[in-house]
Amino acid sequence: MAHTTDAPAKLLVKLHGQGSRTIEIMHDVYTIGRKTGNDLSIDDHTVSGHHARIVKVQAVYFLEDLNSTNGSSVNGMRVDRHQLRDSDVITIGQHRIIFQEPAAPAAAPPSPSSFVDETMAISGGESGIPAASLSAKVVVTDGSTERPEYLLNKPVSSIGSQQGAAIRLTGWFAPKFAAQIIQRGGAYFVSLAQGGKTLLVNGRDVTGQQQLRNGDHIQVAGVSLTFYWLGSRK
């Protein structure tokens with residue numbers, strides 16, 4: 001098996017009843033199973049001899065189940081083949097493996113003030129309902145956050161793990177800033193933070209800004225949120 005030349009992805013391996021360790025994926029095909037010939041060998045009867053493998057196709061990683069007896073899951077869902085994203089939790093038998101994408105080139109994370117500055121630049125010259133008169137919320141349907149729902153009562157509501165984020169993520173390796181919800185011109189918009197990975201609204205990739213409508217489903221940084229429009233506050 002050939003070694004990859006780019007910065008490798010990593011696995012945070014949390015074996016049941018044991019400690020945690022981090023392993024770099026140094027091959028384009030990385031095998032997981034009970035037998036000792038695997039790249040990651042797990043001595044457990046719930047794990048098949050050749051249970052699963054992680055395959056790198058260009059810069060994208062996939063988990064493939066190898067017709068194992070007990071199956072493989074990603075984020076609680078059983079899969080045969082699944083594209084891996086940063087912080088995805090792979091479950092094999094009784095064991096958890098957290099996938100970590102290769103580190104991006106170093107860049108300073110955006111600060112809450114930069115979100116506000118960016119929003120002001122976008123919204124300059126627009127008129128609409130004053131921010132204080134709007135009311136909406138997001139309800140957490142999956143993933144780790146500090147609270148089950150959040151009222152969107154600020155011009156910019158940041159989504160991330162850093163202290164002070166309006167929607168605070170608490171999951172494994174949650175990014176400091178993942179996305180932001182902007183209140184502007186009588187509407188709400190969601191956009192990916194600078195350096196963010198992936199943002200989906202109703203299952204579709206968002207590359208710029210996406211206006212939110214009642215019941216829209218947002219997925220970012222391993223968390224799923226549903227947006228609810230509460231209308232104007234009198």
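Positions are given from 1 along the sequence. Because the structure is a prediction, the values reported are computed rather than measured.
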Test item: [X] and [Y] side chains (from C-beta on) under 4.5 Å apart, heavy atoms:
| X | Y | result |
| --- | --- | --- |
| V206 | L200 | no |
| V57 | V55 | yes |
| L12 | I97 | no |
| H217 | S224 | yes |
| K35 | S41 | no |
| T226 | I218 | no |
| H95 | I42 | yes |
| V139 | Y228 | yes |

Report summary line: Paired with S191, the side-chain hydrogen bond (donor to acceptor under 3.5 Å, both in side chains) test is passed by just one of Q210, Q209, Q180, namely Q180
Considering non-hydrogen atoms only, spot the tightest contact between [X] and [Y] and give its length.
| X | Y | value |
| --- | --- | --- |
| A178 | V220 | CB-CG2, 3.8 Å |
| L15 | V13 | CD2-CG1, 3.5 Å |
| H51 | T46 | CE1-O, 4.1 Å |
| F227 | R213 | CD2-O, 3.3 Å |
| D65 | G71 | OD1-C, 3.6 Å |
| S72 | A52 | OG-CB, 3.8 Å |

Kindly say whether [Y] contributes a backbone atom to a donor-acceptor pair with the side chain of [X] at under 3.5 angstrom?
| X | Y | answer |
| --- | --- | --- |
| S48 | T69 | yes |
| N75 | V89 | yes |
| Y188 | L152 | yes |
| D88 | F99 | no |

Once you round to the nearest 0.5 Å, how far does [atom1] of [X] lie from [atom2] of [Y]?
| X | Y | atom1 | atom2 | value |
| --- | --- | --- | --- | --- |
| E146 | L169 | CD | CG | 10.0 Å |
| S157 | I167 | OG | CD1 | 5.5 Å |
| F62 | L84 | CZ | CG | 8.5 Å |
| T31 | N38 | OG1 | CG | 4.0 Å |
| L225 | E149 | CG | CD | 11.5 Å |
| R168 | S144 | CZ | OG | 12.5 Å |

Query raised in the report: Can L66 be reached from V47 by stepping across I, L, V, M, F, W or Y side chains whose heavy atoms are under 4.5 Å apart?
Result: no
**Report entry** Linked, directly or transitively: I90 and V79 (ILVMFWY side chains, under 4.5 Å)
**Finding:** yes
Compute whether any side-chain donor of one residue and acceptor of the other, for [X] and [Y], lie under 3.5 angstrom apart.
| X | Y | answer |
| --- | --- | --- |
| N70 | S68 | no |
| Q94 | D44 | yes |
| K14 | S20 | yes |

Report task. Identify whether NZ of Lys or CZ of Arg in R184 sits under 6.0 Å from the centre of the six-membered ring of F189 and within 45° of that ring's axis. Result -> yes
Query raised in the report: Above 12 or not: heavy atoms from other molecules or residues under 6.0 Å from CG of D205?
Result: yes
Query - Whether over 12 other heavy atoms sit under 6.0 Å from D80 CG - result: no
Query raised in the report: Does the pair I32 and I92 meet the rule for a side chain to side chain contact (heavy atoms under 4.5 Å, CB included), with working shown?
Result: CA-CA 9 Å; I32 303 169; I92 290 178; 3.8 Å; yes
Requested in this report: Identify which one of I98, I25, D39 satisfies the side-chain contact (heavy atoms from CB on, under 4.5 Å) criterion when paired with L11.
Outcome: I25
Query raised in the report: Yes or no on side chain to side chain contact (heavy atoms under 4.5 Å, CB included) for L199 and V190, after CA distance, side-chain angles and deciding distance?
Result: CA-CA 9 Å; L199 171 65; V190 64; 4.0 Å; yes
Query raised in the report: Is the shortest side-chain N to carboxylate O distance from E101 to R85 below 4.0 Å?
Result: no
